[in-house]
Each structure stands twice: as structure tokens, then as C-alpha cells.
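See below for the structure under consideration.
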Amino acid sequence: MTMRTILLTSLTAFAISITAASAQEVTLRAVTAFAEGTQFSKNFERFIEKVNADGKGIIKINYIGGPRAMPPFEVGNAVRTKVVDIANVPGAFYTNLMPEADAFKLMTKPMSEQRKNGSWELINQLHNQKLNSYYLARSFPNVPFHIYLNKKIDKLDFTGLKIRVTPVYRDIVQALGGTPITTPPGEVYTALERGVVDGYGWPITGIFDLGWEKVTKARMDPAFYSVEVNVLVNLDTWKSLNDAQRKVLTDAALWLEALDAENVAAIAAEREKQAKAGIATIDFGAAESKKFIDRANDVGWQAVIAKSPETGKKLRELAGN
Ligand code: 173
């Protein structure tokens, strides 16, 4: 062999190895149901950064963005139909496709426990069957919801009040006599500003990201339910990945779930920040608060079990509440 042939041969081999490596790197398209950079997108964005760092040459996530790219209530269906490969979205936004998703707010145990006690498996099966997706992660089980109000109430009664809801709060608002009005998060500010609603449901964290403190007078205590934001992967996409690619995603998913430890401090800080912003606390005392929480729990499970008796009961057993 001449020197020239050796050089050409090794160059060719080099070119082939580059092609093989890039053919193995897969790119997933991602969306989030919440505005980019806000509370319930932030950890997903950190997850994407981690996947892109750990998965170099193997797997990459192309972050398309939030509601500017896709209406929040369509994200579940977009994962189902593989319009996107991966999404950050609460089950509450796809109860039209999976009525059982209404139960996730009642599954309050840490994910480390839900992964051991069969909850993850059952919820993954539901996603496989009804959303053609893989249940990669769930965040925020230790963050509760509240009802925020712009009108005074002197007892636990929402009669005459219009409250902005998603499926998370619809049943409890109705049980207390209120009129639920469903909107995506992006319409809450204007609805409050124009007096279209007298209050809204939202987690304890995140209102400052959206500027809602400017149009919010009070937060009703107690806190109730449990925030659920899921990372879902289209099932065909998931099946097409190799072991190394799945491992990058799974490791990052467990890392994402571990970020929930940060929420304890974030909740305390947020309560303080709301008070400083002049948001009053409405509290009817321990006995009334307990009644409210019990009622919320009851109407929540009743709604799930009415729609899906068998699975609903299984989920309730696993939730243990
Ligand atoms: O209020 C909502 O839009 C909602 O249901 C929700 C769910 C999870 C996190 C934040 C908000």
C-alpha cells in the first residue's frame, strides 16, 4: 500500500465512523404546557439541559417552547399523536383523553414511594393505553393548591362567585356553590383584571412569574391537593430508543423528581412574598379547614370513581387517602 492509499483508507474509515455516530444521536421535540421560564416549566428546562449535557452524541432534546408554540390543553393530544416526542404537562390538561388523570392531584406521596408501591406502574399503563405515551416523570407532589379570591367571603361558601378553574378545582368549587369557569393559565390575568372571575385556583407557588399578585387580593387557606406535572414521552418514540438513550432520559427523570426537595423552602418563601405583596390570608380556623380538605378529597375521588370505577378505586387504595 502506498502512503496515499493508507491515508485515503483511514480518512474513509473516519468519515464512516462520524456518520455512524450521528445516525445514532436522536433528537426529540419538546413542549411545555406552561409559559417558558415560569415556575412549572423551570425544572423541565433544567431536565432538558441535563439530557443534552449527559446525552451528548446519543440523545438531544429540541425545546420548542410553551403556550406560544402550542395551546396548553392540546399538549396531551400532541404527545399522543407524536406531533411532539416529549412534553411537560399536568394530567389535569388531558382529562378529556384520560378521565383518570383527575386522580393525580390526589396522589400525594413522594415519587420515590409511588415508584415502589405500584402507583407509577398503574399510571404508566394508563398513559400507554390512553395517551400512547410513556410516563417518564412526575414533579411537584409536595406542592399544594389554593383558591385565590378578590371578594370577601365570611364562610366556606362560594355561592355567587365565579372562579377560574381547570379540572383540578372544578368539583370542589362547584361543591361549595361557586361557578367554575375553565381557562388556561394564560387567560387568568385578563379574566381577573376585567372582573370576569372573582378568583382562581393555582398552586401556592408561581403567581409572581405571571404578575398575578397585581390582580389578587387574598389567598384562601388551607392548601389542598397536590400539584402534578408530568413528563411524557410518545410511546412510539420511547420504543424506538436504544438502552443508552432510555438510560439518559430515565436518569434525568429521577434527578428531576429529586428536585422536589427544593419545594419545601420555595413554598415558605412564596407565602412570605405573597404576604409582603399585600395578599391577605383567608382562614376559617382548624375545624373549618379540616372540613374543607375532607370535602375536597371526597368530591375529588367521587368524580374519578364515577368516571372510572375500577381504576379509580385502585388509584385511591394506592394513594391511601
Ligand atoms: O391551575 C392550573 O392551570 C392547573 O391546573 C395547574 C396544574 C399544575 C400546575 C399548575 C397549575
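Both counts, for ligands and for their atoms, begin at 1 and track the order of listing. In what follows, residues are counted from 1 in the order of the sequence shown.
Without hydrogens or angle criteria, Asn150 side chain to Lys217 main chain gives a donor-acceptor distance under 3.5 Å. With hydrogens and angles ignored, the 3.5 Å screen pairs a side-chain donor or acceptor of Glu45 with a backbone N or O of Gly37.
The only option from Tyr189, Trp202, Tyr200 that meets the side-chain hydrogen bond (donor to acceptor under 3.5 Å, both in side chains) definition with Thr216 turns out to be Tyr200.
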Protein N/O near ligand 1 N/O, under 3.5 Å, which pairs?
unit_1   : atom_1 : unit_2 : atom_2 : d
ligand 1 : 1 (O)  : Arg164 : NH1    : 2.7
ligand 1 : 1 (O)  : Tyr169 : OH     : 2.5
ligand 1 : 3 (O)  : Arg164 : NH2    : 2.9
ligand 1 : 5 (O)  : Thr166 : OG1    : 2.8

Inset, instruction - Step by step, work out the side chain to side chain donor-acceptor pair (under 3.5 Å) result for Asp294 and Asn297. - result: CA-CA 5 Å; Asp294 290 348; Asn297 207 52; over 6 Å; no

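The salt bridge (charged side-chain N to carboxylate O under 4.0 Å, His left out) contacts involving residues 196-210 comprise Lys151-Asp198, where partners must be two or more places apart or lie in separate chains.
Below 30°, between 30° and 60°, or above 60°: for Phe34 and Phe93 the angle between ring planes is between 30° and 60°, a tilted geometry.
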